[in-house]
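See structure below.
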Amino acid sequence: MDYLGINIGCVTGSLQDGKFPEKDCLLPLLSKVLGYLIVSLSTTVKLPQILKILKHRSASGISATTFELEVVAATIGLGYSIQKGIPFSAYGELFFILIQGLILVAITYYYSQPVGTATWIRALLYCAIAPTILAGQINPVLFETIYACQHITFLSARIPQIWKNFKNKSTGQLSFLTCLMSFGGAMVRVFTSIQEKAPTNVVMGSTMGALMNGIVLSQMILYRKPEDKKEKKDE
């Protein structure tokens, strides 16, 4: 019996026989369930960050470059996963993260006026190239190279924010809940990527995501001010 690619036949069969399901039966099921759980949670993962910026009408302490590069990385990852035919449960969150990332970039620009010419050029270049990447209309060998570079892109996306946090000894308007959900999702995605036998590049990307999100989360805990504790409950 398959539902959304989840085979529950071996589990129900074992339970009907009064036996606990074998590891080879249970792990794939767990991977699929966790995968779809990540996808469902990703629909709101960046919402706390969006609401916090809108509430304070400020993007102080936030690196616009971080959000820009996250959008680029999500675009590449989504296009690559679609082209490779990877199960939706193993990458579906990239779609929702991309949409929310684009919203974050837009409001960060809005609250970081004036926006320079270079910023508009980057935005226009993305709008011109992104459809081609998402449609997979790229030479497969070149796409592999671009996807490999995605890890560098993701690393480059986090480093400016990590450095800015370290320099300011503050995380500004970063949302603790968004960072926590991103870290937890990345950790689970490492497991599901391995279980789904995703390409090595995908597993490496998930591992790097967990590491970088973990650093940002630790900075939020380290630099958190006492007066921010009440605000955390409101996020």
Side-chain angles (χ1 to χ4, degrees), residues 38-77 93-116 119 122-123 126 150-190 205-235:
I38 291 176
V39 173
S40 62
L41 292 177
S42 71
T43 59
T44 59
V45 67
K46 292 189 179 294
L47 184 59
Q49 182 65 76
I50 293 171
L51 294 178
K52 187 169 185 178
I53 293 176
L54 293 175
K55 175 184 176 182
H56 294 276
R57 305 180 70 84
S58 169
S60 65
I62 290 177
S63 169
T65 303
T66 290
F67 291 149
E68 290 172 341
L69 291 175
E70 281 184 349
V71 165
V72 172
T75 302
I76 295 172
E93 74 276 7
L94 290 175
F95 172 77
F96 299 105
I97 289 174
L98 175 58
I99 298 300
Q100 294 168 82
L102 289 169
I103 295 173
L104 274 173
V105 168
I107 61 177
T108 300
Y109 284 174
Y110 182 80
Y111 290 114
S112 302
Q113 298 291 341
V115 176
T119 299
R122 291 197 302 270
Y126 171 80
Q150 182 216 25
H151 305 320
I152 299 175
T153 302
F154 186 84
L155 186 63
S156 300
R158 280 288 180 244
I159 288 178
Q161 186 65 65
I162 291 171
W163 173 250
K164 195 166 190 176
N165 295 343
F166 175 75
K167 184 173 66 174
N168 296 337
K169 295 296 185 288
S170 168
T171 53
Q173 297 302 324
L174 283 179
S175 167
F176 179 83
L177 184 56
T178 290
C179 290
L180 180 62
M181 291 172 69
S182 297
F183 173 68
M187 289 293 291
V188 174
R189 183 52 77 201
V190 172
S206 300
T207 303
M208 187 175 296
L211 177 62
M212 293 294 103
N213 285 317
I215 293 175
V216 175
L217 183 63
S218 65
Q219 286 183 316
M220 294 205 72
I221 296 172
L222 180 63
Y223 299 139
R224 196 163 192 82
K225 298 177 182 178
E227 57 266 29
D228 290 340
K229 291 181 179 178
K230 182 179 177 181
E231 186 177 333
K232 175 183 172 182
K233 298 178 182 178
D234 299 331
E235 293 177 10

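Considering Leu98, Ile50, Ile53 as possible partners of Ile103, the one that fulfils the side chain to side chain contact (heavy atoms under 4.5 Å, CB included) test is Ile50.
Within a 6.0 Å radius of CE in Met208, other residues, nucleotides and ligands contribute more than 12 heavy atoms. Around atom OH of Tyr126, more than 12 heavy atoms belonging to other residues, nucleotides or ligands sit under 6.0 Å away.
Counting only residues at least two apart or on different chains, the side-chain hydrogen bond (donor to acceptor under 3.5 Å, both in side chains) pairs with a member in residues 106-115 are Glu68-Tyr109.
Considering only heavy atoms from C-beta on, Val71 comes within 4.5 Å of Thr75 through its side chain. Residues Val105 and Glu70 fail the side-chain proximity criterion, which asks for heavy atoms closer than 4.5 Å.
When all heavy atoms of Ser182 and Val45 are compared, the pair lying nearest together is OG-CG2, 3.8 Å. Contact detail for Ala210 and Met187: the closest heavy-atom pair is CB-SD, 3.7 Å. When every heavy atom of Pro48 is checked against every heavy atom of Leu177, the shortest pair comes out as CG-CD2, 3.8 Å. Here the closest non-hydrogen pair linking Met181 and Leu41 is CE-O, 3.9 Å. Scanning all heavy atoms of the two residues, the minimum distance from Cys179 to Val216 falls at SG-CG1, 3.8 Å. Considering every non-hydrogen atom in both Ser60 and Ser58, the closest pair reads N-OG, 3.1 Å.
Judged by a 6.0 Å distance limit and a 45° cone about the ring axis, Lys169 is positioned over the six-membered ring of Phe166.
A donor-acceptor pair is defined here as one N or O able to donate and one able to accept, closer than 3.5 Å; such a pair exists between the side chain of Gln100 and the backbone of Ser42. Side chain of Gln219 to backbone of Thr171: no donor-acceptor contact under 3.5 angstrom is found. One N or O on the side chain of Lys52 and one on the backbone of Leu174 form a donor-acceptor pair closer than 3.5 Å.
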- Should Asn213 and Arg158 be marked as a side-chain contact (heavy atoms from CB on, under 4.5 Å) after you check the CA-CA gap, both sets of side-chain angles, and the distance that decides it? CA-CA 8 Å; Asn213 285 317; Arg158 280 288 180 244; 2.7 Å; yes
- Message: Show, in sequence, the C-alpha distance, side-chain angles and deciding distance for Leu51 and Lys55, and conclude whether the side-chain contact (heavy atoms from CB on, under 4.5 Å) test is met.
- Response: CA-CA 6 Å; Leu51 294 178; Lys55 175 184 176 182; 5.9 Å; no
- Could you go through the side-chain contact (heavy atoms from CB on, under 4.5 Å) check for Ile62 and Thr66 one step at a time? CA-CA 8 Å; Ile62 290 177; Thr66 290; over 6 Å; no
- Message: One pair to check against side-chain contact (heavy atoms from CB on, under 4.5 Å): Phe176 and Ile221. What are the steps and the verdict?
- Response: CA-CA 9 Å; Phe176 179 83; Ile221 296 172; 3.9 Å; yes
